[in-house]
> 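Okay, here's the structure, questions in a sec.
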Amino acid sequence: MTDRAPTSPAAAPPVLVTARLRLRPPRPEDTRPLLAILDHPAVARHWHGYDEARVRAELIAPEAGKLVWVIEAIDGGEVIGAVQACELGDATYRHAGIDLFLAAARQGHGLGPEAIRAVASHVFTALGHHRIVIDPAADNAHAIKAYLAVGFRRVGVMRQYERRSDGRWGDGLLLELIKSEWS
């Protein structure tokens, strides 16, 4: 069996629906709810430096080659986070990367893995990728647990990988999911 031909992401991602979540393209009115989530200390620790302009630029109207979904709870339609996917299109190293944040009150309830599974399915089937990577902070236990629950495997620790909000360098954990190992 061969993979589908590689494609580039469209300007707006498709709506993805799971048992408890609706992942949909961002809208301008999502700016304030997303900023409120990003401002919470538990989220800002790993997603720092966001203001309205940055939310609009990176999440509401992202650059070409990056897909962003706003995560809504189906029960009530509340915006509870966002997930994004990007592609490295070089034929030799072609793969996708994803990243996700959830409202602090919604973490630890299995919603992260639910959203990740939906995006992974889209990346593997619709975009034709064979590999997805993610690089959470090595001390971000909620994120790591969510990615491992979906089937990501640890590749290694990237020492002094990212500058934290306090100005110090922190380690990152490189995780990957290979299509042939994904169920």
Side-chain angles (χ1 to χ4, degrees), residues 9 13 21 23 26 30-71 79-90 93-120 123 129-178 181-182:
L21 304 172
L23 285 65
D30 297 321
T31 302
R32 289 195 186 272
L34 291 173
L35 186 57
I37 294 166
L38 290 162
D39 276 346
H40 189 282
V43 179
R45 180 168 182 245
H46 300 291
W47 287 76
H48 56 88
Y50 280 86
D51 57 15
E52 279 194 42
R54 186 172 176 198
V55 168
R56 283 193 301 271
E58 294 182 15
L59 300 174
I60 304 301
E63 63 192 27
K66 183 175 171 185
L67 297 175
V68 175
W69 288 268
V70 168
I71 304 170
V79 172
I80 64 167
V83 59
Q84 55 190 357
C86 62
E87 295 184 287
L88 179 61
D90 180 302
Y93 300 100
R94 187 171 189 278
H95 68 277
I98 62 174
D99 215 348
L100 167 122
F101 65 86
L102 283 177
R106 297 295 192 135
Q107 295 176 13
H109 301 285
L111 298 173
E114 194 169 321
I116 295 162
R117 280 186 193 94
V119 172
V123 166
H129 284 283
H130 76 288
R131 180 173 176 261
I132 302 171
V133 298
I134 181 64
D135 57 354
D139 62 355
N140 189 343
H142 278 296
I144 293 166
K145 183 178 178 182
Y147 288 110
L148 293 175
V150 173
F152 279 78
R153 292 185 181 193
R154 296 170 193 265
V155 176
V157 174
M158 299 174 289
R159 298 178 310 133
Q160 298 183 18
Y161 177 65
E162 67 178 344
R163 190 171 302 276
R164 302 291 169 86
S165 59
D166 63 5
R168 295 182 311 170
W169 288 100
D171 295 345
L173 179 63
L174 182 60
L175 302 166
E176 69 180 359
L177 181 62
I178 306 297
E181 298 171 349
W182 179 68

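The first residue of the sequence shown is numbered 1, and numbering continues consecutively from there.
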> Taking only distance into account, with no hydrogens and no angle test, what donor-acceptor pairs under 3.5 Å do side-chain atoms of residues 95-110 form with protein atoms, sequence neighbours excluded?
{"unit_1": "His95", "atom_1": "ND1", "unit_2": "Tyr93", "atom_2": "O", "d": "2.7"}
{"unit_1": "Arg106", "atom_1": "NH2", "unit_2": "Glu78", "atom_2": "OE1", "d": "2.8"}
{"unit_1": "Gln107", "atom_1": "NE2", "unit_2": "Leu102", "atom_2": "O", "d": "3.0"}
{"unit_1": "His109", "atom_1": "NE2", "unit_2": "Ala105", "atom_2": "O", "d": "3.4"}

> Within the structure provided, determine whether Leu59 and Leu38 are in side-chain contact (heavy-atom separation under 4.5 Å).
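Counting from C-beta outward, Leu59 and Leu38 do come under 4.5 Å.
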> Side chains of Asp139 and His46, heavy atoms from C-beta outward: is any pair under 4.5 Å?
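Side chain of Asp139 against side chain of His46, heavy atoms only: contact under 4.5 Å found.
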> Measure across Gly156 and Leu173 and return the closest heavy-atom pair with its distance rounded to 0.1 Å.
O-CD1, 3.6 Å
> Give every residue pair that meets the ring pair (Phe, Tyr, Trp, His ring centres under 6.0 Å) criterion with at least one member in residues 144-176, sequence neighbours excluded.
Tyr147-Phe152
> Is there a side-chain contact between Ile60 and Leu34 in this structure, where contact means two heavy atoms from C-beta onward sitting under 4.5 Å apart?
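Sidechains of Leu34 and Ile60: in contact.
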> How long is the span from the CG atom in Asp135 to the CG atom in Asn140, to the nearest 0.5 Å?
11.0 Å
> Show the nearest heavy-atom pair for residues Leu23 and Ala115, with the distance to one decimal.
CD2-O, 4.0 Å
> Can you measure from CZ (Arg45) to NE2 (His40) and round to the nearest 0.5 angstrom?
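One finds 13.0 Å between CZ of Arg45 and NE2 of His40.
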> Is the backbone N or O of Gln160 less than 3.5 Å from a side-chain atom of Asp171, with the two atoms forming a donor-acceptor pair by type?
yes
> What is the distance from atom CG of Leu174 to atom CZ of Arg153, rounded to the nearest 0.5 Å?
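Spacing of CG (Leu174) from CZ (Arg153) equals 14.0 Å.
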> So which atom in Val79 and which in Ile37 form the shortest heavy-atom distance, rounded to 0.1 Å?
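So the minimum-distance heavy-atom pair works out to O-CD1, 3.7 Å.
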> Give a yes or no on whether a salt bridge exists between Arg54 and Glu52, defined as a side-chain N under 4.0 angstrom from a carboxylate O.
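Here Arg54 does not pair with Glu52 in a salt bridge, since their nearest N and O are not under 4.0 Å apart.
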> Given side chains that start at C-beta, do those of Leu67 and Val123 come closer than 4.5 Å, heavy atoms only?
no
> Which value, rounded to the nearest 0.5 Å, describes the distance between Glu87 atom CD and Arg94 atom CZ?
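Going from the CD atom of Glu87 to the CZ atom of Arg94 covers 5.0 Å.
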> To the closest 0.5 Å, what do you measure between CD1 (Ile116) and CD1 (Ile134)?
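That separation rounds to 7.5 Å.
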> Could you tell me whether the side chains of Arg164 and His48 share a donor-acceptor contact shorter than 3.5 Å?
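Per modelled atom types, Arg164 and His48 side chains form no pair under 3.5 Å.
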> Any idea which heavy atoms bring Ala143 and Pro136 closest together, and the distance?
CB-CB, 4.1 Å
> Side chains of Ile144 and Arg154: does their closest heavy-atom pair fall under 4.5 Å?
yes
> What heavy-atom pair brings Glu114 and Leu21 nearest, and what distance separates the two atoms?
OE2-N, 3.6 Å
> For the pair Asp166 and Arg168, find out whether any cationic side-chain nitrogen is under 4.0 Å from an anionic carboxylate oxygen.
yes
> Identify the two heavy atoms, one from Ala85 and one from Val119, that lie closest to each other, and give their separation to 0.1 Å.
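For Ala85 and Val119, the tightest heavy-atom pair comes out as CB-CG1, 4.3 Å.
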